[in-house]
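Reviewing the structure listed below.
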Amino acid sequence: KTPFQINILDEKLSILRAKLELATFPDELQDIEWKHGLPLADMKRLAERWRNGYDWRKYEKELNQELPMFTRDIDVDGFGVLSIHYVHKPSIIVDAIPLLFCHGWPGSFLEIRGILPLLTSSSPKHPSFHVVALSLPGFGFSEGLHKPGFALDQYAEVVAHKLMIALGYNEYVTQGGDWGFLITRRMASKYGGTHHKAWHTNFPMADPPSRKSHLSFVSYLLIPWSAEEKAGLERTALYRTKSSGYFVEQSTFPQTWPYTDYAAPRLPPGCQLGGIRKSVLLSPAVVE
């Protein structure tokens with residue numbers, strides 16, 4: 001493994017500032033608020049924050065001081081060697097539980113930041129963990145993919161299982177949310193009972209029971225939905241009709257998405273507009 005520190009080149013920060021200075025904005029309809037997407041006033045406020053209110057070097061320094069980061073080359077069968085970035089914070093307890101934290105989109109390894117001290121601490125009230133929080137390929141500071149076809153099996157085997165084994169954790173547990181949910185579920189399926197000892201997720205998903213499970217299928221058809229379940233279905237429908245456009249774009253023409261950041265100075269770069277829309281639409285305030 002190689003110790004890693006975040007150190008974005010001054011040239012890249014200068015380019016970012018120049019793009020922000022050159023950013024122009026479209027018009028919007030009167031009193032439209034969030035109905036057609038991100039409001040103009042909020043977009044301008046966000047761009048102004050990046051232009052004049054965000055001290056990159058300050059937060060870069062804080063992350064380098066708080067998070068012990070490394071990179072490691074992982075050989076992927078059929079895809080070559082990828083440099084994988086990760087946070088690795090062992091517990092002060094020698095026999096603590098190895099935990100792999102797997103993020104989703106538009107998340108990152110930073111999601112571990114707030115709970116890392118608690119997870120690695122010693123307390124009679126909860127177990128302690130040796131924490132590994134990786135950046136998936138193409139996320140954060142991990143190397144991006146160079147060939148198509150890199151799917152769940154590769155994520156599960158290479159950037160997760162192989163990384164834990166390389167760190168000396170022959171047995172481990174996992175936590176995954178969003179895309180990380182699918183990856184860690186596949187890990188539990190492939191390595192459960194041998195290396196993978198427990199799986200936790202904050203993003204549970206399941207298909208309705210099929211006819212293969214007769215009793216569950218009949219119960220599904222006959223038992224009425226509870227008020228809580230109906231509210232959940234309405235929330236899911238809201239997401240699918242109002243907030244999943246980014247998903248359609250990424251799953252059909254993913255090469256198109258990056259151009260808004262890399263090749264279009266008219267747009268405020270680095271703002272992850274799809275992620276902003278997704279996060280806001282899934283908040284209780286917007287749902288209400």
Side-chain angles (χ1 to χ4, degrees), residues 4-67 69 71 83 85 87 103-114 133-145 178-179 242-283 285-286:
F4 179 86
Q5 292 268 286
I6 303 172
N7 184 23
I8 304 301
L9 296 176
D10 288 333
E11 178 186 2
K12 290 185 178 293
L13 295 181
S14 296
I15 291 173
L16 174 61
R17 293 191 189 98
K19 285 186 175 182
L20 288 166
E21 290 295 338
L22 293 171
T24 58
F25 301 88
D27 295 328
E28 68 175 354
L29 299 177
Q30 294 181 359
D31 303 320
I32 199 66
E33 298 181 339
W34 282 90
K35 296 175 183 177
H36 284 186
L38 189 63
L40 179 58
D42 289 308
M43 188 68 258
K44 287 183 175 180
R45 177 173 53 83
L46 180 60
E48 176 62 23
R49 164 66 174 162
W50 273 98
R51 183 165 50 236
N52 294 315
Y54 190 85
D55 186 339
W56 185 282
R57 294 304 183 194
K58 172 188 174 182
Y59 294 110
E60 188 179 71
K61 181 179 179 180
E62 289 180 2
L63 292 175
N64 286 333
Q65 291 175 340
E66 290 180 30
L67 302 177
M69 293 179 284
T71 60
S83 175
H85 164 265
V87 173
H103 66 82
W105 187 92
S108 73
F109 69 96
L110 291 178
E111 293 174 358
I112 198 66
R113 185 182 182 188
L134 82 164
S135 294
L136 295 174
F139 288 75
F141 301 100
S142 283
E143 184 177 356
L145 306 174
D178 195 78
W179 182 232
K242 295 293 186 180
S243 188
S244 61
Y246 76 95
F247 181 84
V248 176
E249 180 73 23
Q250 291 179 340
S251 61
T252 53
F253 298 104
Q255 184 62 34
T256 302
W257 190 269
Y259 295 132
T260 58
D261 276 351
Y262 285 90
R266 181 179 184 277
L267 298 172
C271 292
Q272 288 283 14
L273 303 186
I276 297 169
R277 175 72 174 166
K278 175 184 177 185
S279 299
V280 173
L281 264 180
L282 294 179
S283 69
V286 173

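Both backbone and side-chain heavy atoms feed into the values below; hydrogens, waters and symmetry mates do not.
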| query | Does the side chain to side chain donor-acceptor pair (under 3.5 Å) test come out yes or no for E48 and N52, once each step is laid out? | reply | CA-CA 6 Å; E48 176 62 23; N52 294 315; 2.7 Å; yes
| Under the salt bridge (charged side-chain N to carboxylate O under 4.0 Å, His left out) test, residues paired with D55 that sit two or more places apart | none
| Considering all heavy atoms of both residues, which atom of L145 and which atom of P137 are nearest to each other, and what is their separation? | CD2-CB, 3.7 Å
| task | Report the residues that fulfil ring-ring contact (aromatic ring centres under 6.0 Å, His included) with H85, sequence neighbours left out, ordered by chain and then residue number. | result | F4, F109, F141
| request: Output the distance between atom OH (Y54) and atom CG (L16), rounded to the nearest 0.5 Å. | output: 10.5 Å
| remark: Tightest non-hydrogen contact, residues F25 and A47, listed as CZ-CB, 3.9 Å
| What residues form a salt bridge (charged side-chain N to carboxylate O under 4.0 Å, His left out) with E28, not counting sequence neighbours? | none
| When rounded to the nearest 0.5 angstrom, what distance separates CD1 in I8 from CG in L13? | 7.0 Å
| Check: N64 side chain, Q5 main-chain N or O, donor-acceptor pair, under 3.5 Å | no
| Which heavy atom in L20 sits nearest to a heavy atom in R51, and how many Å separate them? | O-NH1, 2.9 Å
| Quick check: does any side chain N or O of E249 sit under 3.5 Å from a backbone N or O of P254, one acting as donor and the other as acceptor? | no
| Got a sec, which residues hit ring-ring contact (aromatic ring centres under 6.0 Å, His included) with F247, two or more places apart in sequence or on another chain? | none
| So how far is it from L67 CG to I112 CD1, rounded to the nearest 0.5 Å? | 9.5 Å
| task | Considering only NZ, NE, NH1 and NH2 on the basic side and carboxylate oxygens on the acidic side, decide whether E62 and R113 come within less than 4.0 Å. | result | yes
| said: I need the minimum non-hydrogen distance between H103 and L136, along with the two atoms involved. | reply: NE2-N, 3.1 Å
| query | In Å, rounded to the nearest 0.5 Å, how long is the span from CG of L110 to CD of E66? | reply | 10.0 Å
| remark: Smallest heavy-atom separation, M69 atom then V87 atom, equals CG-CG2, 3.8 Å
| request: For E33, check salt bridge (charged side-chain N to carboxylate O under 4.0 Å, His left out) against everything at least two apart and list the hits. | output: none
| Is any side-chain heavy atom of D42 less than 4.5 Å from a side-chain heavy atom of W34? | yes
| Atom of I32, atom of L29 and distance for their closest heavy-atom approach | CG2-O, 3.5 Å
| request: Any salt bridge (Lys or Arg N to Asp or Glu O under 4.0 Å) involving residues 4-18? Give me the pairs, sequence neighbours left out, ordered by first then second residue. | output: D10-R57
| said: What I'd like to find out is whether the side chain of W105 reaches to under 4.5 Å of the side chain of Q250, using heavy atoms alone. | reply: yes
